[in-house]
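When a ligand or atom number is given, it counts from 1 through the structure's own listing order. Given the structure is predicted, the values throughout are model-derived calculations rather than measurements.
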Amino acid sequence: MSQPNYVIDQMISAKSIAARIEELCFEIQREFANTEKLVVVGLLRGSFVFIADLVRELDLNVEVDFLEASSYGDTMESSREVRILKDLRGGIEGQDVLVVEDIVDTGFTMKHVLGLLRARKPRKLRSIALLDKPSRREVDVKADWTGFEIPDEFVVGYGIDYAQRDRNLPFIGKVRFVEGDA
Ligand code: IMP
Ligand code: MG
């Protein structure tokens with residue numbers, strides 16, 4: 001079987017991610033200190049590892065729900081057209097909601113999802129992204145919390161894929177293409 005012609009260079013270690021999540025959870029707990037229940041909404045599929053680590057570190061009463069929005073397909077380019085492939089199971093009117101995204105890149109996905117959820121009248125709506133590539137932004141949006149700002153590199157691991165591969169890496173790595181077989 002032929003291997004893809006790229007190698008992965010570690011960019012953010014599993015240890016750094018865990019340490020950053022502890023810091024973020026401290027801030028999120030402060031923001032939602034008076035919340036009876038926080039609905040944590042993971043954007044599938046890239047956020048599944050992040051959300052799993054995040055909720056286990058959060059000392060709050062949480063409910064977990066998922067939403068799937070289309071973006072890249074199996075390419076490296078954003079489609080700029082966001083479609084909802086799978087909606088939330090539960091309603092969020094009057095609730096406290098935290099949207100969890102893997103990466104904010106052009107910003108189209110986050111902007112679209114926040115607009116969609118805001119229209120459902122949550123009491124409080126906040127967002128967190130593990131990674132942010134500010135230099136790639138095409139629409140004005142920023143998560144309330146960001147794990148790490150990164151340069152314009154294509155990354156994989158910790159839930160994030162390239163054509164569905166490499167989601168299971170425990171760290172964030174950048175994709176580097178090489179001549180011939182890797
Ligand atoms: P945006 O709508 O352009 O902000 O794209 C956000 C989505 O694109 C993220 O949720 C990721 O699924 C995907 N994406 C953006 N950058 C990368 C990357 O470097 N590797 C893998 N997926 C990415
Ligand atoms: Mg995504």
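- Under a 4.0 angstrom heavy-atom cut-off, Glu101 registers as being in contact with ligand 1.
- Contact atoms of ligand 1 toward Lys133: 16 (N), 17 (C), 18 (C), 19 (O) (distance under 4.0 Å to a heavy atom of the residue).
- Contacts of Asp102 with ligand 1, taken as heavy-atom pairs under 4.0 Å, involve the side chain alone.
- Below 4.0 Å from some heavy atom of Gly107 lie the following atoms of ligand 1, by number and element: 1 (P), 3 (O), 4 (O).
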key: Pair Leu67-Asp87, side chain to side chain contact (heavy atoms under 4.5 Å, CB included): steps then yes or no   = CA-CA 5 Å; Leu67 192 135; Asp87 206 340; 4.0 Å; yes
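- Classification of the Tyr162-Phe154 ring pair by plane angle, with boundaries at 30° and 60°, yields perpendicular.
- Each of the following atoms of ligand 1 lies closer than 4.0 Å to a heavy atom of Ile160: 20 (N), 21 (C), 22 (N).
- For ligand 1, the atoms sitting less than 4.0 Å from at least one non-hydrogen atom of Phe108 are 2 (O), 4 (O), numbered in the order shown with element in parentheses.
- Residue-ligand proximity, Val155 to ligand 1, at heavy-atom distances under 4.0 Å covers atoms 18 (C), 19 (O), 20 (N), 21 (C).
- Remark: side-chain polar atoms of Arg20 are paired, donor with acceptor, to backbone N or O of Thr146 under 3.5 angstrom.
- Relative to the six-membered ring of Phe66, Lys86 misses at least one condition, a distance below 6.0 Å or an angle of at most 45° to the axis.
- No donor-acceptor distance shorter than 3.5 angstrom exists from the side chain of Ser70 to the backbone of Val82, with no hydrogens or angles considered.
- By the 4.0 Å heavy-atom criterion, Leu43 is excluded from the residues contacting ligand 1.
- Contact annotation for Arg136 and ligand 1: no heavy atom of the residue comes within less than 4.0 Å of the ligand.
- Residue Asp161 touches ligand 1 through its backbone alone, judged by heavy-atom distances below 4.0 Å.
- Side chains of Asp102 and Tyr158: no donor on one and acceptor on the other come within 3.5 Å.
- Numbered from 1 in the order shown, with element, the atoms of ligand 1 that lie under 4.0 Å from a heavy atom of Thr109 read 1 (P), 2 (O), 5 (O), 6 (C).
- Distance alone, capped at 3.5 Å, is enough to place a donor-acceptor pair between the Ser127 side chain and the Asp144 backbone.
- Among Val141, Val113, Ile103, the residue whose heavy atom sits closest to atom 6 (C) of ligand 1 is Ile103.
- Looking only at distances, a side-chain donor or acceptor of Ser47 sits under 3.5 Å from a matching main-chain atom of Leu43.
- The Glu153 neighbourhood of ligand 1 comprises atoms 19 (O), with distances under 4.0 Å to a heavy atom of that residue.
- Between the side chain of Arg120 and the backbone N or O of Glu93 there is no donor-acceptor pair closer than 3.5 Å.
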